[in-house]
Amino acid sequence: MSAVLPVPAPAARRAVLRRRIRLLVAATITYNVVEAVVAVTAGTIASSAALVGFGLDSVVEVASAAAVAWQFSAADHERRERAALRVIALSFFALAAYVTADAVRALLGVGEAGHSTTGLVLAALSLVIMPLLSLAQRRAGRELGSVSAVADSRQTLLCTYLSAVLLAGLALNSLFGWSWADPVAALVIAAVAVREGLQAWRGDVCCAVPLGVEGGGTACGDGCCPPAQPGRG
């Protein structure tokens with residue numbers, strides 16, 4: 001007969017989840033600082049609106065992660081939830097405004113994006129790293145019931161989508177000389193940023209499920225929350 005493992009007390013489990021989120025936030029900040037410096041530098045050299053926009057998105061992710069880190073530095077982190085969400089949302093809107101202006105300028109013929117090997121490598125690398133960080137933080141945030149932690153994980157996941165868009169835009173420009181692909185990719189980045197900003201502002205980024213909720217069922221329809229498992233409490 002196998003031994004039955006004791007279920008951690010809610011308070012102890014919440015402490016573990018808070019520490020985990022702080023570590024994941026620190027890892028996200030570190031990676032995105034490096035990513036931002038590399039992307040903005042390479043984008044400026046290549047006159048790439050998409051690459052610069054991607055780098056600025058990394059800056060926004062740092063601001064978002066810092067907001068979550070600030071929230072979880074307090075014992076009663078729930079009281080800082082709304083303020084953290086506002087910072088995340090405003091960061092998205094600022095990113096969208098800048099990237100849109102830069103992309104429109106590029107489409108009007110002011111500067112033409114060139115090839116960037118550094119940008120291609122960076123986009124491919126982020127396509128691998130970002131989903132792993134996002135998944136870990138989303139799971140911890142949902143279990144803890146923290147909407148801001150889930151929002152920040154969604155922003156990290158957004159970086160994965162943007163990495164794919166950036167990779168496509170840079171590749172099309174490098175392979176076929178389609179310079180318009182770069183600002184179009186930047187506009188896609190801006191549109192997604194606006195959507196995510198609105199969701200963060202409303203606080204409906206996902207259905208965070210607090211620890212101890214019976215059944216784990218949700219009314220979430222955005223795909224980030226798994227359906228309830230019958231017979232499981």
I want to check something: taking the side chain as every heavy atom from C-beta on, are [X] and [Y] in contact at a cut-off of under 4.5 Å?
| X | Y | answer |
| --- | --- | --- |
| Ser134 | Ser153 | yes |
| Leu187 | Leu107 | yes |
| Ser116 | Leu51 | yes |
| Phe92 | Gln199 | no |
| Phe54 | Leu122 | yes |
| Arg18 | Ile21 | no |
| His115 | Leu120 | yes |

- prompt: Does Arg22 CZ have over 12 foreign heavy atoms under 6.0 Å away?
  reply: yes
What is the minimum heavy-atom distance between [X] and [Y], and which atoms define it?
| X | Y | result |
| --- | --- | --- |
| Leu166 | Ala123 | CD2-CB, 3.9 Å |
| Leu172 | Ala181 | CB-CB, 3.9 Å |
| Ala96 | Ala193 | CB-CB, 4.2 Å |
| Leu167 | Ala124 | CD1-N, 4.4 Å |

Euclidean distance, [Y] [atom2] relative to [X] [atom1], rounded to 0.5 Å:
| X | Y | atom1 | atom2 | answer |
| --- | --- | --- | --- | --- |
| Asn32 | Ser58 | CG | OG | 4.5 Å |
| Arg138 | Ser146 | CZ | OG | 14.0 Å |
| Trp178 | Asn173 | CH2 | CG | 10.5 Å |
| Arg139 | Leu144 | CZ | CG | 16.0 Å |
| Leu157 | Leu132 | CG | CG | 11.0 Å |

message: Which residues pass the side chain to side chain donor-acceptor pair (under 3.5 Å) test with Gln137, not counting sequence neighbours?
response: Asp152
Would a hydrophobic clustering, with Ile, Leu, Val, Met, Phe, Trp and Tyr connected at side-chain separations under 4.5 Å, put [X] with [Y]?
| X | Y | value |
| --- | --- | --- |
| Leu85 | Val87 | no |
| Leu127 | Val192 | yes |
| Leu162 | Ile29 | yes |
| Leu125 | Val128 | no |

task: Would you please say whether a donor-acceptor pair under 3.5 Å links the side chains of Tyr31 and Ser126?
output: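 There is such a pair (donor and acceptor under 3.5 Å, judged by atom type) between the side chains of Tyr31 and Ser126.
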- prompt: Any Lys/Arg nitrogen of Glu143 or Arg13 sitting under 4.0 Å from an Asp/Glu carboxylate oxygen of the other?
  reply: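 The answer is yes: the pair qualifies as a salt bridge.
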- request: Give a yes or no answer on whether the side chain of Arg142 reaches the backbone of Val150 with a donor-acceptor pair at less than 3.5 Å.
  value: no
message: Run Met130 and Thr28 through side chain to side chain contact (heavy atoms under 4.5 Å, CB included) and show every step you take.
response: CA-CA 8 Å; Met130 285 296 141; Thr28 300; 5.5 Å; no
